[in-house]
Amino acid sequence: MRAWLSRALVYLAARACPLTHYSPDLPVAPEHRVFGARDLFTLWFSLGVGLMVLQTGALLAPGLGLAHGVLAIVLGTAVGVLLLAAVAVIGADTGLSAMASLKTSLGRQGVMLPTLLNLLQLIGWGAFELIVMRDAASLLATTRWGEASPLANPLLWTLAFGALATLLAVGGPLTFVRRVLRRWGIWLLLAACLWLTWNLFAKADLAALWARAGDGSLSFAVGFDIAIAMPLSWLPLIADYSRFGRSARQVFTGTALGFLLGNVWLMGLGVAYTLAFAPSGETNALLLALAGAGLGIPLLLILLDESENAFADIHSAAVSTGLLVRLKVEHLAVMVGVACTLIAAFAPLAQYQNFLLLIGSVFAPLFGVVLVDHYLLRRRRVAGTCPAWRAPAVIAWLAGIVLYHFLARYWPSVGATLPSLVMAGALHGVLSKMLSGVGAVPAGSHR
């Protein structure tokens with residue numbers, strides 16, 4: 001049954017669009033680097049928008065209120081997208097997938113641990129995306145046709161969205177961005193965002209909400225960490241897409257502007273809708289408020305857009321797995337998609353905030369190391385040889401994780417994400433100068 005399902009999904013994706021996968025551990029050829037700034041803006045605006053982003057904004061609403069919540073979102077997202085776009089440029093410089101590009105910094109064996117962690121967190125993200133879509137679709141069906149309707153069955157929606165996201169992941173990113181997002185997906189998504197914004201301004205007293213302070217249950221530093229965790233959660237997979245970029249400048253610009261606009265817009269709407277229409281802070285209350293705008297059509301469009309986030313998680317998890325096992329990416333995408341669907345079918349949406357912060361604790365210090373290594377030590381050049389381990393990088397990464405959890409536990413008022421990222425990068429720079437030389441060859445050369 002599993003083999004038949006795998007063949008069926010691969011066949012359907014191949015009929016829908018040609019498979020355009022590339023080896024995870026080899027650079028994309030220059031003639032296949034076709035993404036311009038518009039392509040990347042469209043992709044990352046879409047990935048910055050979604051129900052999960054709205055619900056993340058809802059996490060900030062009670063404790064921070066509208067004014068401080070929006071400030072935390074703007075600052076956290078702005079810092080996060082600068083880091084995200086800088087890591088995207090690494091993919092453009094090397095042409096390598098996200099995890100393969102880490103070999104330069106960590107070594108051939110050193111990259112195995114982050115690759116495994118990336119696989120686990122992407123499966124978790126994919127499952128959470130399916131859970132969010134399932135709950136929203138079930139709620140929409142219940143409000144329209146009642147709980148007795150077959151369309152209100154959560155399992156049905158879990159399987160449907162799991163199959164859709166897996167099908168997109170099997171098809172690959174090039175065709176998805178150019179044939180779906182650029183042609184019509186981005187316009188439907190913009191229409192949904194504009195409608196929700198208009199509905200908010202028409203029905204809510206935003207001046208009163210802006211003047212009302214939060215209840216203090218969440219500190220501004222923690223709110224900042226939650227906001228920055230959204231762009232940082234994409235750090236371990238962004239090179240899977242930016243390696244198809246035409247130039248570093250277009251990659252940086254398209255990525256930064258697209259994610260900044262989408263994430264700030266939707267997370268800000270999450271804060272405002274929660275305070276205006278769902279003061280209880282419950283997830284269902286927020287979804288019901290969103291469902292009441294425009295007969296639920298804007299929510300439905302954002303719900304469909306959420307499948308793009310699940311697509312990215314499943315596709316990149318498959319690419320990461322391709323570094324561990326020698327199977328085709330499209331077959332691995334089917335396996336990952338099935339795993340995400342099964343987890344979503346049996347796991348509740350709980351401890352989401354802790355999940356976001358845990359991701360930051362692992363990957364924020366890692367990419368502090370990677371950014372210092374690529375931009376300062378190697379000056380955007382790729383290592384001519386790649387040893388099994390690069391001890392300075394691994395030590396600095398682990399030290400950054402320890403610092404993150406120490407600050408989060410004993411000094412939360414200062415935040416943990418940026419200090420751990422900066423410290424890990426600085427420590428890597430110091431240790432590298434002390435313990436080893438850094439040989440490099442021009443970017444684009446690989447052995």
Side-chain angles (χ1 to χ4, degrees), residues 76 79-91 93-94 96 98-118 121 221-222 224-225 228-229 231-239 356-440 443:
V79 173
V81 297
L82 290 177
L83 297 171
L84 183 68
V87 174
V89 169
I90 297 176
D93 286 344
T94 64
L96 292 170
M99 291 297 104
S101 66
L102 297 185
K103 290 182 181 180
T104 300
S105 300
L106 301 178
R108 298 189 312 275
Q109 298 301 317
V111 78
M112 291 297 104
L113 178 58
T115 299
L116 180 59
L117 291 174
N118 188 45
Q121 69 104 4
V222 173
F224 176 88
D225 267 10
I228 200 175
L232 292 192
S233 68
W234 294 103
L235 289 179
L237 64 157
I238 189 170
L356 284 176
L357 296 178
L358 179 61
I359 291 173
S361 76
V362 173
F363 289 105
L366 172 62
F367 282 93
V369 170
V370 170
L371 289 168
V372 166
D373 189 74
H374 185 75
Y375 285 97
L376 299 183
L377 298 180
R378 303 185 188 283
R379 300 185 184 276
R380 296 178 63 186
R381 295 173 179 266
V382 181
T385 58
C386 190
W389 294 89
R390 290 200 183 276
V394 175
I395 292 171
W397 175 37
L398 297 177
I401 295 174
V402 171
L403 176 63
Y404 185 102
H405 286 280
F406 175 83
L407 292 176
R409 182 177 180 85
Y410 297 107
W411 206 358
S413 61
V414 302
T417 300
L418 281 182
S420 64
L421 184 148
V422 172
M423 189 280 287
L427 181 60
H428 173 53
V430 171
L431 292 177
S432 294
K433 294 295 186 181
M434 290 175 56
L435 301 179
S436 64
V438 181

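Heavy atoms only: backbone and side chains are in, while hydrogens, waters and symmetry mates are out.
The side-chain contact (heavy atoms from CB on, under 4.5 Å) check on Val394 picks up Leu106, Trp389, Leu398, with sequence neighbours excluded. Remark: Leu113 pairs with Leu117, Trp397 by the side-chain contact (heavy atoms from CB on, under 4.5 Å) rule, at least two apart or across chains. Every residue two or more places apart in sequence or in another chain that forms a side-chain contact (heavy atoms from CB on, under 4.5 Å) with Val87 is listed here: Leu235, Ile238, Phe367, Leu371. Residues forming a side-chain contact (heavy atoms from CB on, under 4.5 Å) with Ala416 (at least two apart in sequence, or on another chain): Asp225, Tyr404, Leu407, Ala408. Tyr375 is linked by a ring pair (Phe, Tyr, Trp, His ring centres under 6.0 Å) to nothing, counting only residues two or more places apart in sequence or in another chain.
Considering NZ of Lys103 and OG1 of Thr94, their distance stands at 11.5 Å, rounded to 0.5 Å. Ile395 CD1 to His428 NE2: the interatomic distance, rounded to the nearest 0.5 Å, is 11.0 Å. With rounding to the nearest 0.5 Å, the separation of CG in Leu84 from OG in Ser233 is 8.5 Å. Between Arg108 atom CZ and Arg390 atom CZ the span is 10.0 Å, to the nearest 0.5 Å. Rounding to the nearest 0.5 Å places CG of Leu102 at 10.0 Å from CG of Leu96. Expressed to the nearest 0.5 Å, how far CG of Leu376 lies from NZ of Lys433 amounts to 9.0 Å.
Between Leu403 and Ser420, the closest heavy-atom pair is CD2-CA, 3.9 Å. The two residues Leu431 and Pro392 have their closest heavy-atom pair at CB-CB, 3.7 Å. In plain terms, the two heavy atoms of Ala393 and Ser105 that are nearest each other are CB-O, 3.1 Å. Here the shortest heavy-atom pairing between Gly400 and Ala424 reads CA-CB, 4.1 Å. Closest heavy-atom contact between Ala399 and Leu427: CB-CD2, 3.7 Å. Across every non-hydrogen atom of Val372 and Ala426, the tightest pair is CG2-N, 4.5 Å.
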From CA spacing to verdict: side-chain contact (heavy atoms from CB on, under 4.5 Å), Val89, Asp93: CA-CA 6 Å; Val89 169; Asp93 286 344; 3.6 Å; yes
Audit row: Thr417, Phe224, side-chain contact (heavy atoms from CB on, under 4.5 Å) steps and yes/no: CA-CA 9 Å; Thr417 300; Phe224 176 88; 5.6 Å; no
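Side-chain atoms of Ser432 do not come within 3.5 Å of backbone N or O of Gly429 as any donor-acceptor pair.
With contacts defined as side-chain heavy-atom distances shorter than 4.5 Å, the pair His374/Thr104 does not qualify.
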